[in-house]
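What follows is a single structure, written as C-alpha cells, with notes after it.
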Number of protein chains: 2
Amino acid sequence: MVANRSMMPEETNPGLVSAAIQAITQYIRVEGLGPGDLLPSEADMTRRLSVSRTVVREAFRSLSAMRLIDMSAGRRASVAKLDIGAMSMVIEHGVTTEQISVHQVYDVRRTIEMRTVALAALRRSDAEAAEIQEYARLMRENYRTPEIVMEHDIAFHEAIARASHNPVFSLIITAFSGVTRRTWVIGWRTRASVEDQIKMIEGHADIARAIIAGNPQLAAEHMAAHFDKSVKALNDAGIA
Amino acid sequence: MVANRSMMPEETNPGLVSAAIQAITQYIRVEGLGPGDLLPSEADMTRRLSVSRTVVREAFRSLSAMRLIDMSAGRRASVAKLDIGAMSMVIEHGVTTEQISVHQVYDVRRTIEMRTVALAALRRSDAEAAEIQEYARLMRENYRTPEIVMEHDIAFHEAIARASHNPVFSLIITAFSGVTRRTWVIGWRTRASVEDQIKMIEGHADIARAIIAGNPQLAAEHMAAHFDKSVKALNDAGIA
DNA sequence: TCAAGAAAACATGTCATACAGGTTGAGGGC
DNA sequence: GCCCTCAACCTGTATGACATGTTTTCTTGA
C-alpha cells in the first residue's frame with residue numbers, strides 16, 4: 001500500500017500523521033461541519049488517505065487531545081464544541097517549564113479581564129448577573145475555607161468572561177484557571193488578617209455590583225484594583 | 001500484560017492514552033524538565049506505564065501535536081519550547097466551525113494589542129524598535145502588493161507583541177495570525193482608494209513612532225484607532 | 001596513540017493483524 | 001406496534017514485524 005506524500009504542499013511536519021491531521025481538519029472545513037457532526041470512521045479514513053489505521057488513529061487521537069474532536073468507544077468521532085483543552089495545556093506547560101512566569105499570566109489576565117468585565121456590564125443577561133453575584137456571595141459565606149473561596153473566585157471570573165458574550169475571552173480566561181489554582185492559596189496566605197481577606201472578597205462584591213448596575217467604567221476600575229492587590233500579594237509572597 | 005488503571009485519581013478521560021498523557025506531563029513536571037531536555041524512549045515508557053507501545057505512541061503523538069514535545073525519527077522526544085501550535089489550531093477550529101466570529105477575534109486582538117503596544121513602548125530594546133519600524137517601512141514600500149503588505153502587517157503586530165516581553169501575549173497574538181491571513185485581504189479591498197490604503201499604512205508608522213518615542217499612551221491610542229478602522233472595514237465588507 | 005569509519009545498538013515511523021468491548025440499527029418474535 | 005436479540009460496525013488495546021534515522025561503540029588503519 002503506497003501512501004501519498006505529496007498532497008500537502010506546505011506541510012508543517014514531515015510524516016504521514018501530520019498530513020492526516022491536516023487532511024482531517026481540512027475535511028471539517030470543506031464539508032462545513034459544525035459541533036456534533038460526525039467524521040468518517042477510522043477505517044473509512046484509512047481508505048481515503050491510503051495509510052494504515054495506525055496513522056489515522058494517531059491523527060484522530062491528536063485532534064482529540066486538542067479537543068477539536070470528541071472520541072469515544074464504539075461511536076465515530078465528532079466535531080467538538082469549543083473547549084479550552086489544548087490551550088490550558090499549553091499554558092500549563094509554559095509555566096511548569098518556566099517559560100512563563102506567574103506575573104506574566106496575571107498581566108494578561110488583568111488586561112483581558114478589564115475588558116470582559118466592561119463587556120459584561122454592558123451585555124450581561126439578568127441570569128448572568130445573578131450568577132456572578134451568587135459567586136461573590138458564596139465567597140463571603142465560605143470565607144473560612146480557602147479552597148471553597150478559591151473555587152468560587154475562579155467561577156466568578158469565568159462567569160464574567162462568559163457574560164462578555166465573546167467565547168474567545170472565555171476560552172483564554174478559563175485556560176488560565178489551572179495556573180490560578182496553583183498560586184491562589186499563596187496569595188491568600190499573605191493576607192494575614194481576616195480583615196484583609198474579607199476586604200479581598202468585598203472587592204469581588206464591588207465588581208459584581210458594578211456589573212449589575214451596568215457601569216462598565218466602574219466595573220473595570222474595580223477589576224483593576226482587584227488585580228493590583230492580587231499582584232501585590234504575589235510580590236509579598238516572593239513569587240517571581 | 002495488565003495495565004494499571006488506578007494511578008490517576010482524577011483522570012479527565014477514561015482510557016489508557018489519556019492516562020499516559022497525564023503521566024508524561026507529570027513526568028516533565030516532577031523531573032523539572034525544561035525545553036530541550038529528553039524524555040524516556042517509547043519502549044522505556046511502555047515498561048514504566050505497563051501499557052502497549054500503541055498507547056504510549058498515541059500519547060506522545062498527542063503531546064507532539066500540541067507542540068508540548070518535539071519528536072523526530074531516530075531520536076528521543078524532547079520538551080518543546082513554547083509554541084502556538086495547539087492554540088492556533090483551537091482558534092482556527094473555532095472560526096471554521098463558526099463558533100467564533102471574526103469580530104470577536106478582533107475585539108480580543110484590540111484588547112490585547114492596546115496593552116502590548118503600551119508595554120512595547122516602555123520595554124522595547126533598540127533592536128526591537130528598529131525591527132518594528134522596519135516592518136512599517138516595508139509596508140509602505142510594497143503598498144502595491146497586498147499580499148506582501150499583509151505579511152509585513154502581521155509581522156509588525158507580532159514584533160510588537162514580542163517587544164512587550166511577555167511571551168503569553170506573543171503566544172496569543174501569533175495564534176490569531178492564521179485568522180488574520182484569511183480576512184486581511186477583504187479589509188484591504190474595502191479601502192477603495194490608494195489614499196485610504198496609504199492612510200492605513202501610515203497608521204502603522206504612527207504606532208511605530210510612538211513606540212520608538214517611548215510613549216505608551218500615544219501608542220495605545222494609535223493602536224486603538226487602527227483597530228477601529230480595521231473593524232469598520234470589516235463591517236463595510238459585510239463580515240459578520 | 002588516535003582518528004576515521006564500520007557496525008551494532010537504539011530510536012522512531014509505518015504497517016498488518018487480532019481480539020475485546022461499546023454502539024446502533026435491522027429483523028424477528030410477541 | 002413494541003420489545004428483544006443479534007449482527008454489523010466502530011473504537012480501544014496489544015503484539016509483532018520491518019524500514020529508516022541516530023548514537024554509541026568498536027575496530028581498523030595510519
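Only this structure's heavy atoms are used, side chains among them; waters, hydrogens and symmetry mates stay out.
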Any Lys/Arg nitrogen of Glu58(B) or Arg61(B) sitting under 4.0 Å from an Asp/Glu carboxylate oxygen of the other? no
Do Asp107(A) and Phe227(A) pass the side-chain contact (heavy atoms from CB on, under 4.5 Å) test, and can you show the C-alpha distance, the side-chain angles, and the key distance before you say yes or no? CA-CA 9 Å; Asp107(A) 190 8; Phe227(A) 268 100; over 6 Å; no
Arg76(B) vs dC10(C): side-chain N/O to OP1/OP2 distance below 4.0 Å: no
Arg61(A) CZ to dA14(D) P, straight-line distance once rounded to whole Å: 11 Å
Grab the CD1-C1' distance between Ile21(B) and dT13(D) for me, whole Å please. 15 Å
When the distance from CZ of Arg47(B) to C1' of dC10(C) is rounded to whole Å, what number comes out? 11 Å
Distance-only donor-acceptor test (3.5 Å): side chain Ser52(A), base dA16(C): no
Heavy-atom neighbours of Glu141(B) CD exceed 12 at 6.0 Å: yes
Nearest-Å distance for atom pair CD1/C1', residues Ile69(B) and dT12(C): 12 Å
Of the listed nucleotides dA14(D), dG12(D), dC15(C), the one nearest the side chain of Val55(A): dC15(C)
What is the distance from CZ of Phe60(A) to P of dT13(D), rounded to the nearest Å? 16 Å
Would you tabulate the pairs of protein nitrogen or oxygen atoms and nucleotide nitrogen or oxygen atoms of nucleotides 19-23 of chain D closer than 3.5 angstrom?
residue : atom : partner  : partner atom : Å
dT23(D) : OP1  : Arg75(B) : NH2          : 3.4

Distance-only donor-acceptor check, side chains Glu158(B) and Ser170(B), under 3.5 Å: no
What I want to find out is whether Arg162(B) reaches Glu131(B) closely enough, with some N-O distance under 4.0 Å, to be called a salt bridge. yes
For atom CE of Met45(B) and atom P of dT13(D), their distance in whole Å: 17 Å
By ring pair (Phe, Tyr, Trp, His ring centres under 6.0 Å), His93(A) pairs with (sequence neighbours left out) none
Which residues, if any, of residues 28-44 of chain A bring a heavy atom under 4.0 Å of DNA chain C? none
Test for a donor-acceptor pair under 3.5 Å between the base of dG16(D) and the side chain of Arg53(B), counting only N and O atoms. no
Does Phe60(A) have Arg57(A) sitting over its ring (NZ/CZ under 6.0 Å from centre, angle to axis within 45°)? no
Using whole Å, what does the distance between atom P of nucleotide dT13(D) and atom CD of Glu58(A) come to? 13 Å
Do Asn166(A) and His103(B) have a side chain donor and acceptor closer than 3.5 Å? no
Taking CG from Leu16(B) and P from dT11(D), how many angstroms apart are they, rounded to a whole number? 17 Å
Just N and O in the side chain of Arg57(A): are any of them under 4.0 Å from OP1 or OP2 of dT11(D)? no
Thr183(B) side chain vs Val179(B) backbone, donor-acceptor pair below 3.5 Å: yes
